[in-house]
Every structure is written in C-alpha cells, then in structure tokens.
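Following: one structure in structure tokens, then a few remarks.
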2 protein chains.
Amino acid sequence: MSKANPCHGNCPIARVTALLGDGWSLMIIREAFLGSGKFNEFEKRLGIARNILTNRLRKLVEAGLLQRKASETDRRVVEYRLTRSGRALFPVLIALSQWSEQHLSDCSHSVRYVERATGEEIQRIKVLSADGRELDAGELAMLPGPDADPALKARLVAAMEQAGHEAAHAAS
Amino acid sequence: MSKANPCHGNCPIARVTALLGDGWSLMIIREAFLGSGKFNEFEKRLGIARNILTNRLRKLVEAGLLQRKASETDRRVVEYRLTRSGRALFPVLIALSQWSEQHLSDCSHSVRYVERATGEEIQRIKVLSADGRELDAGELAMLPGPDADPALKARLVAAMEQAGHEAAHAAS
DNA sequence: GGATTGGGTTGCAAAATGCAACTAATCGGC
DNA sequence: GCCGATTAGTTGCATTTTGCAACCCAATCC
C-alpha cells in the first residue's frame with residue numbers, strides 16, 4: 001500500500017485496514033477467539049506459511065492485540081493470547097460473520113451464534129441511536145472529532161456536503 | 001493466500017477475508033459510504049493505483065457489493081454505488097471504526113458518529129443476547145449450522161471442547 | 001476538428017507471499 | 001547425560017500481488 005495517500009492520516013478505517021487488512025490477520029484473531037494460542041495451532045488450523053505467521057503474530061503483538069508469553073509448563077511453546085484490545089474486536093468479528101452469512105453464497109447457515117447459557121440465538125448486530133432506534137447509513141453523520149487531522153476533516157466536510165445533495169435515494 | 005487450507009470451506013470469516021481482506025477493498029466501501037461513486041473520485045480520494053482500483057471495483061461488483069452503471073448525463077463516467085449487500089456492511093464499518101478509535105493510537109477522537117437528525121452520538125456497537133443483554137466472547141457459543149461443511153463443523157466442535165477446559169480466564 | 005476528460009489497459013520494477021529446508025532451544029525416554 | 005522428537009522460529013528462492021507511469025480510446029467540450 002502506498003506511503004502517503006490523502007486520507008490515511010488518522011482515519012480509523014484506514015488505520016484498522018493497515019493493521020488487519022491482509023489475508024491472515026483477521027483469521028488469526030478469529031482463531032484466537034476459537035481458542036488457539038500456540039504457534040503450531042495457528043499454523044495447522046489456518047494452513048498459513050510459517051514465516052507469514054511469524055510476521056503477523058509479531059505485528060499483532062506490537063499493535064497490542066495479542067500478548068506473547070512463554071508457557072510455564074513447557075518452555076518451548078509460546079502462548080499468544082488476546083489482550084483486552086484484541087477481545088474488543090468481538091463485535092467486529094460477529095458483525096462480519098453475520099454479514100457473510102446473509103450476503104455471501106456458501107456462507108448461509110454455516111455457523112449459529114448462540115448464548116452459551118441459554119442456547120438462544122444472539123441478535124443481529126445493529127447501529128443504534130442514543131435512544132435505541134436502529135440507524136442506517138443515511139441517518140448517520142460523521143463529524144471530525146477534536147483530534148482529526150486536516151485531511152480527514154476536509155474529507156468529512158466534503159462528504160457531509162455531498163450527502164446534502166442526495167437527500168433521498170433508496171433503491172439498490 | 002493458499003488454495004486449500006483447513007477451514008476455508010464455508011467459514012464466514014474466511015469468506016469475508018477473501019473478499020475484503022486486502023489493503024483497499026474496505027477503504028473503497030468506506031469511500032462509497034462517504035459518497036464517492038466515480039472511478040476518479042475513488043482514485044483521488046484514496047490515492048490508489050488505477051489498475052488496482054479497476055481490479056477491486058470489478059471484484060466488488062462481482063461479489064454484489066457495488067453496482068456498476070454508466071452515468072445518464074455523461075456517458076464517459078461510470079457510477080459505482082452500493083447495493084443492498086454493500087450497505088449492509090454499515091454496522092461492520094462502524095464497529096471497526098469504533099474499535100480503532102478506542103484501541104489504536106492516533107485514532108482517538110478523530111471522528112464522531114452522530115445521528116443526523118438529533119446530533120446525538122450513536123451507541124457503541126455491542127453483541128446482544130436475544131433479550132438484550134450485552135454478551136462477551138466467553139458467553140457465546142458457535143455451533144455448526146445446517147450448511148456447515150465437515151471441516152468447519154470439526155473446527156467448531158474442537159473449539160467448544162477447548163472452551164470447556166478454560167472456563168474462567170479473565171486477565172489480559 | 002482539436003484538446004481534454006473519464007475510465008480504463010499494459011509493461012515493468014518492487015514488495016509481499018508461499019514453500020521447503022535449516023536452526024536452536026527444550027523436552028521425554030532411557 | 002545422550003538421543004530423537006517437538007516447538008518456534010529463520011533463511012533462500014520462486015511466484016504472486018502491488019505500485020507507478022505511460023499509453024489507449026470513446027465521449028465531451030469549445
């Protein structure tokens with residue numbers, strides 16, 4: 001990916017894409033949620049090349065999503081476990097998964113997410129207003145926050161203006 | 001990425017990673033949400049190479065996330081707009097964005113998501129049980145659905161068993 | 001009709017990825 | 001304490017993907 005493209009400043013999507021936007025990082029996080037922790041487990045369960053796995057684990061550790069710790073019982077093995085940051089990706093993974101099931105062929109009804117205690121299906125992930133109504137993209141505004149850099153700020157202002165012109169479009 | 005690794009069958013995360021797991025696809029979708037539609041707009045706002053952009057737009061159109069249509073008013077320009085599937089990625093983008101803001105340095109307070117009508121901040125995206133309690137990863141079970149292929153089924157069963165052994169781990 | 005614009009394609013260099021072979025430390029058996 | 005096996009890497013090399021710049025062609029503007 002390029003060094004200096006327009007909005008790559010502190011745009012949150014750009015930043016998360018830089019970190020997780022490759023063919024493996026998200027899979028590794030998913031594996032970690034499924035209980036993998038050792039180098040070998042990731043390798044075998046994902047079928048990832050070992051040098052790439054090394055590289056990604058290091059990157060994820062540096063980013064603070066995984067913690068690297070030598071095992072107490074066997075000093076050959078290294079345990080990678082999700083940190084608080086890593087576990088906070090939980091809603092992202094579920095949202096992605098639900099989207100896949102609904103919109104990609106071959107993914108429908110391959111996994112059921114249920115609450116362990118009750119066995120009931122969880123809700124579909126939604127964007128909610130402060131008072132709990134479900135919002136869609138058209139009802140949302142993205143404003144530059146206090147720490148937005150100039151490029152991001154300009155981009156968001158431009159988007160706001162564009163949104164004004166469109167007003168009502170609904171068809172797909 | 002490899003051709004045939006263990007769980008790449010119909011695992012939803014694997015499938016969405018295959019589609020959006022590169023440095024640009026998600027950025028393109030984000031741009032589309034921000035109002036971009038023309039080839040040039042994507043190119044300039046993202047700083048993406050034109051051959052790569054061509055490739056990604058085609059892929060996203062094939063996957064049904066974007067719709068490609070020649071403009072009515074100027075037959076040189078092509079409009080790419082989000083389909084229903086594409087717009088359904090909205091919660092995913094918001095979840096990713098919120099995660100970035102909370103867990104990546106330089107992303108904090110760069111964007112504020114507010115409801116257009118009221119100006120109020122939206123809620124944090126959560127995983128909710130059927131009756132509306134917030135769940136975390138430990139409270140969730142992933143069961144193979146009716147269409148899970150054998151590899152995925154085996155993987156999920158293994159994860160369930162592993163989860164049994166762990167029971168209570170909370171530290172990070 | 002000539003220059004410009006929009007949306008590409010093509011060729012080539014650079015970077016990322018995949019694969020297999022090799023290491024270094026640790027373990028378990030004896 | 002030695003020996004083979006296991007774990008987590010590393011290294012070298014072939015293949016694939018990216019990025020960049022130049023080129024192309026139809027539609028549009030003047």
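In the text below, chain A, chain B and the rest are named by the order of the sequence lines, each starting its count at 1. Basis for what follows: all heavy atoms, side chains included, without hydrogens, waters or symmetry-related copies.
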(request) Whole angstrom is fine here: how far is it from CD1 in B:Ile52 over to P in D:dG19? (result) 5 Å
(message) Whole angstroms only, please: what is the CG-C1' distance between B:Asn55 and C:dT10?
(response) 14 Å
(request) State whether the distance check finds a donor on one side and an acceptor on the other, under 3.5 Å, for side chain A:Arg75 versus base C:dT26. (result) no
(message) Output the rounded distance in Å from CD1 (B:Ile48) to P (C:dT9).
(response) 14 Å
(request) Can you tell me the distance, in whole Å, between the CG atom of B:Leu53 and the P atom of D:dT17? (result) 18 Å
(request) Starting at atom CD1 of A:Ile28, determine the distance to atom P of C:dT17, rounded to an integer number of angstrom. (result) 11 Å
(request) Provide, to the nearest angstrom, the distance between the CZ atom belonging to B:Phe39 and the P atom belonging to C:dT9. (result) 8 Å
(message) Under 4.0 Å from OP1 or OP2 of D:dT7: is there any side-chain N or O of A:Tyr80 that close?
(response) no
(request) State whether a side-chain donor-acceptor pair under 3.5 Å links B:Ser110 with B:Glu101. (result) yes
(message) Measuring to OP1 and OP2 of C:dT10, would you say a side-chain N or O of B:Asn51 lies under 4.0 angstrom away?
(response) no
(request) For the pair A:Tyr80 and A:Phe42, name the ring-plane relationship: parallel under 30°, tilted 30 to 60°, perpendicular over 60°. (result) perpendicular
(request) Measure from the side-chain heavy atoms of B:Arg76 and tell me the nearest of C:dG18, D:dA27, C:dG7. (result) D:dA27
(request) Would you tell me whether A:Ser25 and A:Asp22 have side-chain atoms, one donor and one acceptor, within less than 3.5 Å of each other? (result) yes
(message) What's the separation between atom OG1 in B:Thr118 and atom CD in A:Glu139, rounded to the nearest 0.5 Å?
(response) 10.0 Å
(message) Taking the minimum atom-to-atom distance to the side chain of A:Lys38, which one of C:dG6, D:dG19, D:dA8 wins?
(response) D:dA8
(request) Please determine if a side-chain N or O atom of B:Arg56 lies less than 4.0 Å away from the OP1 or OP2 oxygen of D:dT17. (result) no
(message) Between C1' on C:dC27 and CD on A:Glu72, what's the gap in Å once rounded to a whole number?
(response) 16 Å
(message) I'd like to know if A:Arg50 reaches the base of D:dA8 with its side chain, counting only an N/O donor and acceptor under 3.5 Å.
(response) yes
(request) Please answer whether the main-chain N or O of B:Ser105 pairs with a side-chain N or O of A:Arg15 as donor and acceptor at a distance below 3.5 Å. (result) yes
(message) From the set C:dG8, D:dC20, D:dG9, return the single nucleotide nearest to any side-chain atom of B:Val78.
(response) C:dG8
(message) If you assign A:Asp74 and B:Leu57 each to the DNA chain C nucleotide with the nearest heavy atom, which residue ends up on the more 5' nucleotide?
(response) B:Leu57
(request) Select one nucleotide: of C:dG8, C:dG6, D:dA8, the one nearest the side-chain heavy atoms of B:Arg68. (result) C:dG8
(message) Does a side-chain N or O of A:Trp24 approach OP1 or OP2 of C:dA16 to a distance below 4.0 Å, or not?
(response) no
(request) Measure the distance from CG on B:Asn40 to P on C:dT4 and round it to the nearest whole Å. (result) 16 Å
